[in-house]
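See structure below.
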2 protein chains.
Amino acid sequence: MSDKKSQPEGRYAYEGLDRVLHEKARLGILTSLAARADGLLFSDLKHLCNLTDGNLSRHLTVLQEAGIVDIQKGFRGRRPQTLCRLTEQGKKRYLDYIAVLESVLADAVEAAKGARKLRRTMPEGFSPA
Amino acid sequence: MSDKKSQPEGRYAYEGLDRVLHEKARLGILTSLAARADGLLFSDLKHLCNLTDGNLSRHLTVLQEAGIVDIQKGFRGRRPQTLCRLTEQGKKRYLDYIAVLESVLADAVEAAKGARKLRRTMPEGFSPA
DNA sequence: GGGCGTGCTTTGCACGAGAAAGCTAAGGGC
DNA sequence: GCCCTTAGCTTTCTCGTGCAAAGCACGCCC
C-alpha cells in the first residue's frame with residue numbers, strides 16, 4: 001500500500017495494548033501488586049493509587065474476572081480484610097503489556113528525534129481548500 | 001498512613017496520564033504524527049493504525065477539539081484529502097504523557113526486579129476466611 | 001444502645017470507543 | 001447519458017465501563 005513510505009500496514013496499531021490493563025487506575029493497581037508477591041490489602045491499594053472504595057472495588061472485580069488478580073477475603077483480628085495478589089497469568093499479561101509499552105516509548109523517542117528538523121511542507125500534490 | 005512501607009500516598013496514582021491521550025488508537029495516531037512535521041493524510045493514518053474510517057474520524061475530531069491536532073481539508077488532484085498534523089500544544093502534551101509513561105515503566109521494571117524472590121507469606125495478622 | 005468508624009459492595013449515570021450505515025463525488029464500463 | 005463501483009470521509013447507535021454516591025454490615029466505644 002504505502003510501501004514507498006516503508007511503513008508496514010498497522011505499524012502503529014499496537015494491538016498488544018490489552019484493553020483490560022491499559023487503563024490508568026488498573027495500571028497503577030497492577031504495578032503496585034507486581035512488586036509484592038505477598039499481596040496488598042484493599043486499603044493499601046486504595047491509598048497507593050488514590051482511588052475511592054467504590055472505584056477500587058469495581059476495578060478489582062474486573063481484574064479478578066479476567067483472572068489477573070486473586071482475591072482472598074479474610075480477617076485481621078476481627079475486622080474483614082481483602083487481600084489481593086497477581087495471579088501467575090496476571091503477571092504474564094502484565095509483563096506482556098509492559099513490553100508493548102516499551103515499544104511505544106521506543107517509537108516515541110524515535111519520532112521525537114526524527115522530527116527535530118521541522119519540514120513545514122505539504123505532501124505531494126496537496127493543495128489546501 | 002502506611003509510612004512503615006515508605007510508600008507515599010498516591011505513589012501509583014499516575015495522575016499525569018492524560019485521559020485524552022491514554023487510549024490505544026490515539027496513542028498510535030499521535031506517535032505516527034509525532035515523527036512527521038509535514039503531517040499525514042487521513043488514509044495514511046488509517047492504514048498505519050489499522051483503524052476504520054469511522055473510528056479514525058471520531059478520534060481525530062476528539063483530538064482536534066482538544067487542540068492537539070490540526071486538521072486541514074484540501075484536495076489532491078480532484079479528490080478531497082484531509083491532512084493532519086500535531087499542533088505545538090499537542091506535541092507538548094504528547095511529550096508530557098510520554099514522560100509519565102516512562103515513569104510507569106521504571107516502576108514496572110523495579111517491581112519485576114523486586115519480586116524476583118517470591119515470598120508467599122500472609123500479611124501480619126492476616127487469616128484467610 | 002446509639003452513634004461512629006472501618007471495610008467493602010451496589011447502584012446509577014454519563015461519557016466515549018468502536019461498529020455500522022450513510023453521504024458525496026469521482027472514475028469506468030457500455 | 002446511466003449505472004456501478006470506489007475513495008474519502010461523517011454521522012448515528014449501541015454497549016461497555018469509569019467513576020461517584022449511596023448503601024450495607026459489622027465492630028467499637030461511651
Side-chain angles (χ1 to χ4, degrees), chain A residues 1-2 10 13-15 17-30 39-66 68-69 71-84 123 125-129, chain B residues 1-2 10 13-15 17-30 39-66 68-69 71-84 123 125-129:
Chain A
M1 195 87 13
S2 49
Y14 301 134
E15 316 275 1
L17 280 191
D18 194 328
R19 289 300 264 136
V20 180
L21 306 191
H22 187 65
E23 210 271 324
K24 200 169 119 164
R26 295 205 279 259
L27 201 46
I29 294 173
L30 292 184
L40 281 170
L41 295 176
F42 189 96
S43 54
D44 294 340
L45 272 177
K46 178 178 138 184
H47 290 120
L48 281 172
C49 304
N50 270 0
L51 289 168
T52 61
D53 292 15
N55 253 319
L56 177 53
S57 177
R58 206 142 173 325
H59 285 305
L60 283 179
T61 305
V62 170
L63 290 172
Q64 182 184 28
E65 279 167 0
I68 291 173
V69 298
I71 308 285
Q72 291 187 42
K73 285 164 196 296
F75 291 86
R76 180 156 60 179
R78 337 202 103 241
R79 295 194 156 280
Q81 299 260 240
T82 301
L83 180 65
C84 314
F126 182 92
S127 44
Chain B
M1 197 89 8
S2 47
Y14 301 134
E15 317 273 0
L17 281 189
D18 194 328
R19 292 307 262 101
V20 179
L21 307 190
H22 186 64
E23 209 272 322
K24 197 170 124 165
R26 296 206 279 257
L27 201 45
I29 293 173
L30 292 184
L40 281 170
L41 296 176
F42 189 95
S43 54
D44 294 339
L45 271 177
K46 178 178 141 183
H47 291 120
L48 282 172
C49 304
N50 270 1
L51 289 169
T52 62
D53 292 14
N55 255 320
L56 177 53
S57 178
R58 209 147 169 318
H59 286 304
L60 284 180
T61 304
V62 171
L63 290 172
Q64 182 184 28
E65 279 168 1
I68 291 172
V69 298
I71 307 286
Q72 290 189 43
K73 285 163 196 297
F75 289 88
R76 181 156 60 180
R78 337 201 104 242
R79 294 194 158 282
Q81 300 260 243
T82 300
L83 180 65
C84 314
F126 182 93
S127 44

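Worth saying up front: this structure is predicted, and the values here are computed from it rather than measured. All chains are named by letter (A, B, ...) in the order of the sequence lines, taking the proteins before the strands, and each is independently numbered beginning at 1.
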Let me know the distance between CZ of A:Arg58 and P of C:dA14, rounded to the nearest Å. 16 Å
Here the salt bridge (Lys or Arg N to Asp or Glu O under 4.0 Å) pairs for residues 46-56 of chain B, sequence neighbours left out, are B:Lys46-B:Asp53
Quick one, give me the B/S/- string for nucleotides 22-30 of chain D, reading 5' to 3', where B means a protein heavy atom under 4.0 Å from the base and S means that only happens at the primed atoms, P, OP1 or OP2. -----SS--
Would you mind classifying the nucleic acid contact of B:Thr82 as base, sugar-phosphate or nothing, using non-hydrogen atoms under 4.0 angstrom? sugar-phosphate
Near-strand residues of residues 17-26 of chain A, defined as heavy-atom separation under 4.0 angstrom from DNA chain C: A:Arg19
Nearest heavy-atom contact between B:Lys24 and A:Leu17 is CD-O, 3.7 Å
Whole-Å gap separating P (D:dG8) and CG (B:Leu41): 9 Å
Which whole-number value in Å describes the distance from B:Asn55 CG to C:dG22 P? 18 Å
Rounded to the Å, how far apart are B:Leu60 CG and D:dT11 P? 13 Å
Output yes when a side-chain donor or acceptor of B:Arg26 lies under 3.5 Å from a complementary backbone atom of B:Leu63, and no otherwise. no
Would you say A:Lys73 reaches C:dT9's phosphate, i.e. side-chain N/O to OP1/OP2 under 4.0 Å? yes
Smallest separation among heavy atoms of B:Ile71 and B:Val69, with atom names: CD1-CG2, 3.9 Å
Please identify which of these residues, A:Leu40, A:Leu56, A:Leu60, meets the side-chain contact (heavy atoms from CB on, under 4.5 Å) condition with A:Cys84. A:Leu60
Can you find a heavy atom in the side chain of B:Leu41 that is under 4.5 Å from one in the side chain of B:Leu83? yes
In whole angstrom, what separates B:His59's NE2 from D:dT11's C1'? 15 Å
For residues A:Glu23 and A:Val62, determine if any side-chain heavy atom of one lies less than 4.5 Å from a side-chain heavy atom of the other. no
Considering every strand and a 4.0 Å limit on heavy-atom distances, what is the contact class for B:Ser57: base, sugar-phosphate, or nothing? base
Evaluate the side-chain contact (heavy atoms from CB on, under 4.5 Å) criterion for residues B:Ile29 and B:Leu45: first the C-alpha distance (whole Å), next the side-chain angles of each, then the deciding distance (0.1 Å), finally the verdict. CA-CA 7 Å; B:Ile29 293 173; B:Leu45 271 177; 4.2 Å; yes
Rounded to the Å, how far apart are B:Leu56 CG and C:dA20 P? 17 Å
For A:Cys49 against B:Ala13, the heavy-atom pair lying closest together: O-CB, 3.6 Å
Given atom CD of B:Gln81 and atom C1' of D:dT10, what is their separation to the nearest angstrom? 16 Å
Could you tell me the separation between the CG atom of B:Leu40 and the P atom of D:dG8, rounded to a whole number of Å? 14 Å
